[in-house]
Amino acid sequence: MQIRAVIRSEKAELNREELVSADAPISIGRHAKCVLRLESDLVSRQHAVVTVGLRSIVVEDLSMNGTLAGNSLLRRESIEMPYGTPIVMGDCQVTFFSLDPALAQPSGAPRAKPSVPPARTSVPPPLPSGALPLAMTSANPITGPLTGPLNITGSVPAPAGSAPALQMTREVPFVNGRAQIDNNGGVDVALRKEIHRQLLQQLDLSTIDASKLDDPSMRPKVLGALRRILIALDARIPANVDRDALLGELVDEALGLGPLERFLADPSINEIMVVDPYTIYIEQRGKLTLSGARFTDDERVRAIIERIVTPLGRRIDESSPLVDARLKDGSRVNAVIRPLALRGSCITIRKFAKTPITIDKLMQYGSMTPRMALFLQRAVIAKRNIVVSGGTGSGKTTLLNVLSGAIPSDERIVTIEDAAELQLKQPHVVSLETRPPNLEGKGEYTIRDLVRNALRMRPDRIIVGECRGGEALDMLQAMNTGHDGSLTTTHANSPEEAIARLETLVLMGGMDLPVRAIREQIASSVHMVVQQSRLADGTRKITAISEVIGIEEGDVQLRPIFEFVKLGTSAAGKVEGEFRATGYLPSFLNTFIVMGLVKRGENYL
């Protein structure tokens, strides 16, 4: 089977048409071994791979520069699209046409990009064994097949007669107990600063509106300018530095989020923590890991923070050195700069799940049992007021989002958050978000302001992302005044501590109430406390589901319905335990029966 490839470029000698075999994946790039060779400095050695189907093609980007497929900018990901859709790589455009007349023209818009790229093994790069993959190429690539094992902590053994081995590690000097890293990917900081300075001079990026940096037309301009700069400074760049990788890093710092871009694209990474410009940690599968990525300097980190917060109408400077914001995909961002952050600008990004986690997935992950899941769903439908408690990073917001999914679609819901994270699918949802004060110190709207306003919006349920201040009192009053079925979260390590924290938060509201009155308010408003915990092995589980049964001897009383009992730790460090029903029957079981959620005599535990 063959298809027709039409190649167009600003360079007249590249304009041509070719018939290529579709029996194997089609590699595209400037490498001599690529099926479609594009001899352009703006094209990576192996830029993309195209897999041909009967009615469509799949384009996978392999470059550090990105591939524009139709209206979708691919960065190390894939997309399926019809024949006839233009694919832009650097300054070249490639269009594939089927030789079948019925399929020769575009049949529609490209399909939606999958949230998780397909496994790379499904589209094997067709380069021969004698060529290195993109991630290991350099200005003077090693020729001939590699022999011997890959020593990650040492070097890549080179075959006889080839260039010296690629050194994978380097000595890092320490001064006053701190690592003094003077290069970035083999390029010293001074040189990277010089490249950035020349880029600003050529394109004057500082005067461009931040909202226009995402324009797809900007990336080719920046790529072209950086290519020219790197060619001019080639003598100062070490020979073993991968020019394509360096180019990708520089364009990410100029237009994107720098070294954080690849972490944001990795679905296995949940959180990104920039301690300082030279230290970046990631949380992957529940474990913290020090990554090898770094920024050029603190100035680049500041520029990226401003790039995030400016479109949201927020600001960060010496007078307001910390800010909460979110990325376009909903990921939550917290940033702190000097003078509060002593080591340099600090960024914490809690990634937003592109595909919302469902209650079925939580059961699959072992966070709860099917009976616990069914009980919680029935409790939400029966309009029980629920507080989800847990420590930082325990999964409170995820669980809150899962529980919110059980709310019937015919109810009006008002959500209130500092940074919008909830992904409710019901049709009647009003989402409110707090706002910080402006330069004059005015215009601030807090969680408490929004909760009070929500009471005037005729909600059936109010969902507050987190109670961390005086809004706890307003939330309790809302639960007590006809807004049953409301949900919120709070920081606590056990259900008992959650009740104590609610008391403290109510007192923070400035109301001079006796403790007895506060506890009575809590006992009459909150029906259940669901404890979410992150265990020592990084797993997240619901460790307790408790009912608030009232006040006894002046204290709010709780009765556990389900518990997670730890039994030990395996040799691999895995926490072992089991979920148990305590045998306690909640007082609202009759509500389940009246609403038809459970039949009389059914053992729902």
Side-chain angles (χ1 to χ4, degrees), residues 5 7 9-11 13-14 16 18 20 24-51 58-69 73-78 87-94 117 120-121 123-146 150 156 158-159 162-168 185-187 195 219-220 222-234 237-252 261-262 265:
I7 302 170
S9 173
E10 296 175 358
K11 301 178 181 179
E13 62 272 17
L14 290 182
R16 66 185 188 275
E18 293 185 22
V20 293
I26 302 168
S27 59
I28 307 173
R30 72 171 191 269
H31 195 284
K33 299 296 184 181
C34 287
V35 177
L36 282 181
R37 187 179 183 190
L38 306 177
E39 297 181 0
S40 168
D41 290 336
L42 298 183
V43 177
S44 299
R45 290 178 178 85
Q46 189 177 16
H47 203 107
V49 169
V50 173
T51 304
V58 175
V59 180
E60 181 183 8
D61 174 61
L62 301 178
S63 71
M64 295 296 293
N65 313 329
T67 300
L68 187 63
L73 181 61
L74 307 181
R75 307 202 53 215
R76 299 289 178 141
E77 51 195 342
S78 305
I87 306 167
V88 178
M89 289 162 279
D91 56 353
C92 299
Q93 176 181 296
V94 180
R120 292 289 299 273
T121 53
V123 187
L127 290 181
S129 59
L132 285 173
L134 176 67
M136 297 175 61
T137 54
S138 67
N140 301 305
I142 298 173
T143 58
L146 292 176
L150 177 64
V156 180
S162 68
L166 291 179
Q167 191 67 29
M168 302 295 287
V187 180
I195 294 172
R219 195 171 184 86
V222 175
L223 280 171
L226 284 173
R227 286 277 188 187
R228 293 190 294 270
I229 294 170
L230 291 180
I231 290 173
L233 300 176
D234 186 70
I237 303 175
N240 66 333
V241 171
D242 183 350
R243 266 60 171 176
D244 284 336
L246 175 61
L247 181 67
E249 293 171 7
L250 292 170
V251 76
D252 279 342
E261 288 283 355
R262 59 188 175 97

**OP:** Report the C-alpha separation of L36 and E18 in whole Å, then their side-chain angles, then the decisive distance to 0.1 Å, and conclude whether the side chain to side chain contact (heavy atoms under 4.5 Å, CB included) test is met.
**Re:** CA-CA 9 Å; L36 282 181; E18 293 185 22; 3.3 Å; yes
**OP:** Taking all heavy atoms of A48 and all of M89, pick out the closest pair and write down the distance.
**Re:** CB-SD, 3.9 Å
**OP:** List for me each residue that meets side-chain hydrogen bond (donor to acceptor under 3.5 Å, both in side chains) alongside Q93, sequence neighbours excluded, and say none if there are none.
**Re:** none
Subject >> Considering all heavy atoms, the nearest I28-C34 contact >> reply: C-SG, 4.0 Å
Original post:
Roughly how far, to the nearest 0.5 Å, is SG of C92 from CZ of R37?
Top reply: 12.0 Å
Subject >> L74 to A69 - nearest heavy-atom pair and separation >> reply: CD1-CB, 4.1 Å
Subject >> L38 vs V94, side chain to side chain contact (heavy atoms under 4.5 Å, CB included): CA-CA, chis, key distance, verdict >> reply: CA-CA 10 Å; L38 306 177; V94 180; 4.1 Å; yes
Original post:
Has the side chain of R45 got a donor or acceptor atom that lies under 3.5 Å from a matching backbone atom of R30?
Top reply: no
**OP:** Provide the closest heavy-atom pair for R227 versus S44 in the form atom of the first, atom of the second, distance.
**Re:** NH2-N, 4.3 Å
Original post:
What's the spacing between L230 CG and L250 CG if we round to 0.5 Å?
Top reply: 6.0 Å
Subject >> Considering all heavy atoms, the nearest E77-L73 contact >> reply: OE2-O, 3.7 Å
Subject >> Taking every non-hydrogen atom, the tightest pair across T67 and S63 >> reply: OG1-OG, 4.3 Å
